[in-house]
Amino acid sequence: MNFLFNNILRNAAVISYRSHNSLKLYITAIQNITYIHTTSKHNNLMDFFDNKKNWNETNIRVGRAWRLDELRIKSNTDLHKLWYVLLKERNMLFTMEHECNRKVRLFPNPERIDKVEESMNNIETVVRERNTAYYTLETGETGERPVEDVVNLFGLPEKYPKNEYIIPKFMNTRWVKSYLEHGYINSLAVKKFYRLYQEKLRSIKRNERNRNFNHVQHLLKRFPDMDLEKLQAEYPEVDLEKAKRTKKARGHFLPKY
Amino acid sequence: MSTRWYPLYQRGNPQLRVFLPNFWMKLVRSSVNQLPNVVQFHCSMEMTKHDIKNYLEKIYNIPVVEVKTRIAMGKFRKDVGKGYIVKDDDIKFAYVTLPKTMKFEFPNIFEKKKGDTEDDMKSLDEAKKSFKGFIQRNKDRSDVPSWFTI
């Protein structure tokens with residue numbers, strides 16, 4: 001019976017070809033089974049391994065991961081239960097993968113790990129959504145970690161997630177010194193870095209512009225009957241009239257334009 | 001018992017109401033001969049001995065007597081092709097002692113079943129038969145490549 005119970009748990013984790021009330025089914029299945037389920041003598045360390053019938057298989061078929069929309073309609077209790085099902089499933093897959101690697105065997109369907117992890121991430125997303133909704137309703141703020149816009153030591157803007165300080169900021173002389181005395185942000189080195197960085201960004205932009213212009217000229221050369229509106233939509237920054245008149249855009253035919 | 005940060009204190013005092021531990025553990029074969037009631041695990045680096053005990057007792061329902069942990073540093077090795085230095089990941093080992101009455105033997109997962117060789121021979125025979133059929137079908141046009149025919 002324990003084997004059956006484990007089987008149900010495992011199947012419920014990732015199998016998708018069930019209808020929307022799959023979790024409900026699974027919960028009722030658990031409820032039905034728990035009446036006849038007795039704690040077996042053999043230790044549950046075997047939960048770390050796959051079903052015995054899957055041990056020598058080369059192809060283990062499973063469904064897809066749980067989607068966000070499917071999880072959003074579940075209750076918190078259901079999500080909580082499902083999390084532990086997935087957690088055990090993931091541990092099982094890690095164990096089997098390790099053993100396969102040790103024996104130099106191919107681990108069958110390694111995408112199962114990704115599916116379980118995707119499901120777990122989705123559960124976390126849903127729980128987080130519910131938390132933020134609750135705190136926005138109660139206090140007008142999301143209960144998330146507050147994020148501050150700061151200028152970092154390189155003089156660049158950065159998102160700084162706040163954390164708890166051991167002593168207040170103004171008492172922390174060591175931290176303040178670097179900002180106030182040295183003047184990190186206004187120092188010569190930072191200004192030079194910032195200037196060069198901006199130059200780099202500008203040159204990237206300019207190169208892209210030139211590259212696109214060149215490309216459009218060659219396109220006009222090779223395909224003189226091209227749809228110009230679509231070309232303009234693809235490269236909105238390029239001046240088509242100018243590109244048409246250039247030498248590069250002329251092919252070995254009488255100019256049309 | 002998870003790697004997540006606890007929410008900062010703000011208005012409304014946000015807390016983790018739903019507890020979702022994200023630690024992982026994997027059961028591995030003991031590298032040395034151990035007592036039959038000692039099990040070896042790899043686990044998340046953040047796990048403490050208490051975490052491991054609680055994890056096994058609460059989630060897996062396994063009675064735990066003692067937990068010992070150690071961290072093994074990953075090896076530094078040269079990449080085979082390029083020669084640059086690669087460091088393998090560090091591993092946290094957990095040696096879990098079960099009660100004296102319990103025994104755990106690591107199962108042999110890749111044991112050959114009885115029917116396996118027979119199955120192999122059967123599939124080989126089938127392949128032979130289908131190849132013969134293919135030759136038979138295309139005997140009149142031996143110069144046509146196999147990918148062209150059905």
Side-chain angles (χ1 to χ4, degrees), chain A residues 39-50 52 54-56 76-77 79-80 82-84 86-88 90-105 117 120-121 123-124 126-128 130-132 134-146 161-164, chain B residues 1-2 4-31 36-44 55-64 91 96 98-99 101-116 119:
Chain A
T39 320
S40 58
K41 280 279 184 253
H42 97 275
N43 53 33
N44 290 320
L45 280 167
M46 290 315 282
D47 282 358
F48 279 98
F49 299 95
D50 207 347
K52 211 161 187 176
N54 285 339
W55 277 6
N56 253 328
N76 281 338
T77 334
L79 289 185
H80 200 218
L82 183 57
W83 177 268
Y84 286 95
L86 290 168
L87 193 75
K88 285 177 111 173
R90 192 176 63 168
N91 284 346
M92 182 277 284
L93 291 171
F94 281 165
T95 304
M96 296 305 280
E97 190 186 26
H98 187 86
E99 182 64 10
C100 285
N101 287 343
R102 209 184 66 83
K103 291 265 184 178
V104 203
R105 294 293 191 109
E117 272 176 359
M120 289 172 93
N121 286 341
I123 289 184
E124 265 190 304
V126 170
V127 169
R128 201 168 171 185
R130 287 181 189 178
N131 271 339
T132 46
Y134 174 79
Y135 287 112
T136 340
L137 203 65
E138 290 287 316
T139 64
E141 293 166 19
T142 62
E144 303 275 308
R145 181 172 296 270
K162 288 187 176 181
N163 56 33
E164 284 159 351
Chain B
M1 203 175 120
S2 80
R4 288 186 211 91
W5 286 33
Y6 206 79
L8 285 191
Y9 179 77
Q10 301 173 53
R11 219 145 64 83
N13 192 12
Q15 289 179 25
L16 295 177
R17 308 280 178 188
V18 185
F19 178 58
L20 307 173
N22 57 3
F23 285 156
W24 58 265
M25 285 185 85
K26 58 182 168 190
L27 211 169
V28 296
R29 197 183 279 270
S30 297
S31 40
N37 61 340
V38 176
V39 192
Q40 187 175 328
F41 288 94
H42 291 180
C43 57
S44 299
Y55 195 91
L56 290 175
E57 280 181 350
K58 300 284 154 61
I59 300 177
Y60 282 93
N61 205 11
I62 298 164
V64 174
I91 299 171
V96 175
L98 308 173
T101 49
M102 284 176 73
K103 279 183 183 176
F104 175 73
E105 200 182 341
F106 201 91
N108 190 3
I109 288 162
F110 301 108
E111 208 172 20
K112 270 275 181 192
K113 281 176 285 187
K114 269 183 185 173
D116 267 8
D119 288 348

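None of these values were measured; they are calculated from a predicted model. Residue numbering restarts at 1 for every chain, and letters A, B, ... go by the order of the sequence lines.
- The minimum heavy-atom distance linking A:W83 with B:P21 is given by the pair NE1-O, 2.7 Å.
- Residues B:Y60 and A:F48 form a side-chain contact, since some pair of their non-hydrogen atoms from C-beta on lies under 4.5 Å apart.
- By the 4.5 Å heavy-atom criterion applied to side chains, B:I59 and A:D47 are not counted as neighbours.
- Taking CD1 of B:I109 as the start and NZ of A:K52 as the end, the distance is 10.5 Å to the nearest 0.5 Å.
- Atom OG1 in A:T95 sits 10.0 Å away from atom NE2 in B:H42 (nearest 0.5 Å).
- Separation of the B:F106 and A:F49 ring centroids falls under the 6.0 Å cut-off.
- Residues forming a ring pair (Phe, Tyr, Trp, His ring centres under 6.0 Å) with A:Y134 (at least two apart in sequence, or on another chain): none.
- Distance check: B:E111 CD to A:N56 CG gives 8.5 Å after rounding to the nearest 0.5 Å.
- Between A:E124 and B:R4 there is a salt bridge, with a side-chain nitrogen of the basic residue lying less than 4.0 Å from a carboxylate oxygen of the acidic one.
- Note that the CG atom of B:L27 and the CE atom of A:M92 stand 13.0 Å from one another [nearest 0.5 Å].
- How far CG of A:L79 is from CG of B:L20: 8.5 Å, rounded to the nearest 0.5 Å.
- Not a single donor-acceptor pair under 3.5 Å links the side chain of B:W24 to the backbone N or O of A:K88.
- When the candidates A:E138, A:E99, A:E97 are compared by the number of heavy-atom contacts under 4.5 Å with chain B, A:E99 comes out ahead.
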Pair up each side-chain donor or acceptor in residues 5-12 of chain B with any protein partner under 3.5 Å, not counting sequence neighbours, and list the distances.
unit_1	atom_1	unit_2	atom_2	d
B:Q10	NE2	A:G143	O	3.3
B:Q10	NE2	A:E144	O	2.7
B:R11	NH2	A:T139	O	2.6

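- Closest heavy-atom contact between B:P14 and A:Y135: CA-OH, 3.1 Å.
- A 4.5 Å side-chain heavy-atom check between A:N91 and B:K26 finds every atom pair outside the cut-off.
- With a 4.5 Å cut-off on side-chain heavy atoms, A:L87 and B:M25 do not count as touching.
- Neither the backbone nor the side chain of A:M120 comes within contact range of chain B; no heavy atom of the residue lies under 4.5 Å from a heavy atom of that chain.
- In this structure, B:N61 contributes its side chain and A:N44 its backbone to no donor-acceptor pair below 3.5 Å.
- For A:R130, no part sits under 4.5 Å from any heavy atom of chain B, backbone or side chain.
- Comparing A:V127, A:N163, A:N131 by how many heavy-atom pairs each has under 4.5 Å with chain B, the most go to A:N163.
- Residue A:T132 does not touch chain B at all, counting heavy-atom pairs closer than 4.5 Å.
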